[in-house]
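Excluded from the calculations below are hydrogen atoms, water molecules and symmetry mates; all remaining heavy atoms, backbone and side chain alike, are included. This is a predicted model, so every value here is computed, not measured.
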Amino acid sequence: MGIIFGALYYDVYDKSTESFAVLDAQMCIVMSTLMAVWLPYDVLLTFPKERKIFLRERKGGLYTSSAVYMARITADVPAHLVSAIIMALVVWGMAGLMIDPGLFTLIMIYSIIVGAAVMQLIGAISRTFEEANIYMMVVLMMSMMLGTGFVREVPSFLTWAREISIMGI
């Protein structure tokens, strides 16, 4: 994904019009962040796949739901960190972004961890993968569309949703 976005926004500031350069740089950051949020899509499967085992072991008093949830997120963190760092450095280098590379990397790390946590939560409340997929699409698509990168001003009845939008945060 880093190479794709790096190629799309290659040398982003080398445009004939300054406003295009600024808009492309903003969209490069927004799209890269969005992809970082969506990158850990596979964690959506965790709980629906392991639900029977979890329920049997929980019924036996082995552990609480919160312990399983925290353990699953923590176990995935190293892979997510590496993915976020690689993607951030590739996009930053290819696009020639003026944002500090360390800050951009931190934004990508934060994005992938938030995305993984939200997808784990959706997977945990869903009985099947299909159900989790429906919830995830609604939550992430609404969050994406309410982020400032796509819509500058939202209708007044949706201002509350922008405040809790993953992409807004």
Side-chain angles (χ1 to χ4, degrees), residues 1-47 49 68-126 129 132-133 135-154 158 161-169:
M1 289 310 302
I3 292 171
I4 291 170
F5 284 116
L8 285 173
Y9 296 104
Y10 185 76
D11 202 11
V12 75
Y13 295 106
D14 188 28
K15 303 284 182 205
S16 59
T17 307
E18 276 186 41
S19 61
F20 291 160
V22 171
L23 289 173
D24 279 359
Q26 178 190 10
M27 193 50 79
C28 177
I29 293 169
V30 168
M31 291 303 293
S32 298
T33 305
L34 178 64
M35 280 303 114
V37 169
W38 286 66
L39 200 61
Y41 184 80
D42 63 313
V43 302
L44 195 63
L45 291 169
T46 301
F47 287 102
K49 214 161 84 174
V68 173
Y69 184 76
M70 292 305 293
R72 285 298 305 163
I73 291 173
T74 305
D76 291 335
V77 166
H80 294 159
L81 290 178
V82 170
S83 299
I85 291 168
I86 290 170
M87 188 167 160
L89 294 177
V90 168
V91 170
W92 181 84
M94 288 180 75
L97 295 174
M98 291 184 187
I99 187 173
D100 179 69
L103 178 60
F104 187 59
T105 302
L106 286 176
I107 290 169
M108 297 297 281
I109 289 170
Y110 178 75
S111 299
I112 199 167
I113 289 173
V114 167
V118 168
M119 288 187 211
Q120 286 281 11
L121 172 66
I122 292 169
I125 64 171
S126 304
F129 171 67
N133 198 23
Y135 293 149
M136 191 271 312
M137 285 296 173
V138 171
V139 168
L140 288 181
M141 291 304 285
M142 283 299 292
S143 179
M144 179 181 82
M145 296 313 293
L146 291 170
T148 56
F150 291 92
V151 179
R152 303 280 182 230
E153 289 185 36
V154 296
L158 286 176
R162 180 170 259 181
E163 297 296 322
I164 62 170
S165 165
I166 298 167
M167 290 302 294
I169 294 170

Inset, instruction - Please step through side chain to side chain contact (heavy atoms under 4.5 Å, CB included) for the pair Gln120 and Asp76, ending with a clear verdict. - result: CA-CA 11 Å; Gln120 286 281 11; Asp76 291 335; 3.3 Å; yes
Legend entry - Interatomic distance, Met98 atom CE to Phe104 atom CZ [nearest 0.5 angstrom]: 14.5 Å
Legend entry - Residues that Leu45 engages under side chain to side chain contact (heavy atoms under 4.5 Å, CB included), provided they are two or more places apart: Phe129
Legend entry - Approximate separation, where rounding is to 0.5 Å, of Met108 CE and Ile29 CD1: 10.0 Å
Inset, instruction - Output all residues satisfying side chain to side chain contact (heavy atoms under 4.5 Å, CB included) with Ile109, sequence neighbours left out; order by chain, then residue number. - result: Leu81, Ala84, Ile85, Thr105, Ile113
Legend entry - Nearest heavy-atom neighbours spanning Trp38 and Met119: CA-CE, 3.6 Å
Inset, instruction - List the atom of His80, the atom of Ala116, and the distance in Å for their closest heavy-atom pair. - result: CE1-CB, 3.5 Å
Inset, instruction - Nearest 0.5 Å please: distance from the OG1 atom of Thr33 over to the CD1 atom of Ile112. - result: 11.5 Å
Side-chain donor-acceptor pairs under 3.5 Å in residues 88-95, sequence neighbours left out?
{"residue": "Trp92", "atom": "NE1", "partner": "Leu97", "partner atom": "O", "Å": "3.1"}
{"residue": "Trp92", "atom": "NE1", "partner": "Ile99", "partner atom": "O", "Å": "2.7"}

Inset, instruction - Answer whether the closest heavy-atom distance between the side chains of Val37 and Val114 falls below 4.5 Å. - result: no
Inset, instruction - State the OG-CG distance between Ser111 and Leu39, to the nearest 0.5 angstrom. - result: 10.5 Å
Inset, instruction - Could you tell me which non-hydrogen atom of Gly123 sits nearest to which non-hydrogen atom of Ala132, and how far apart they are? - result: CA-CB, 4.3 Å
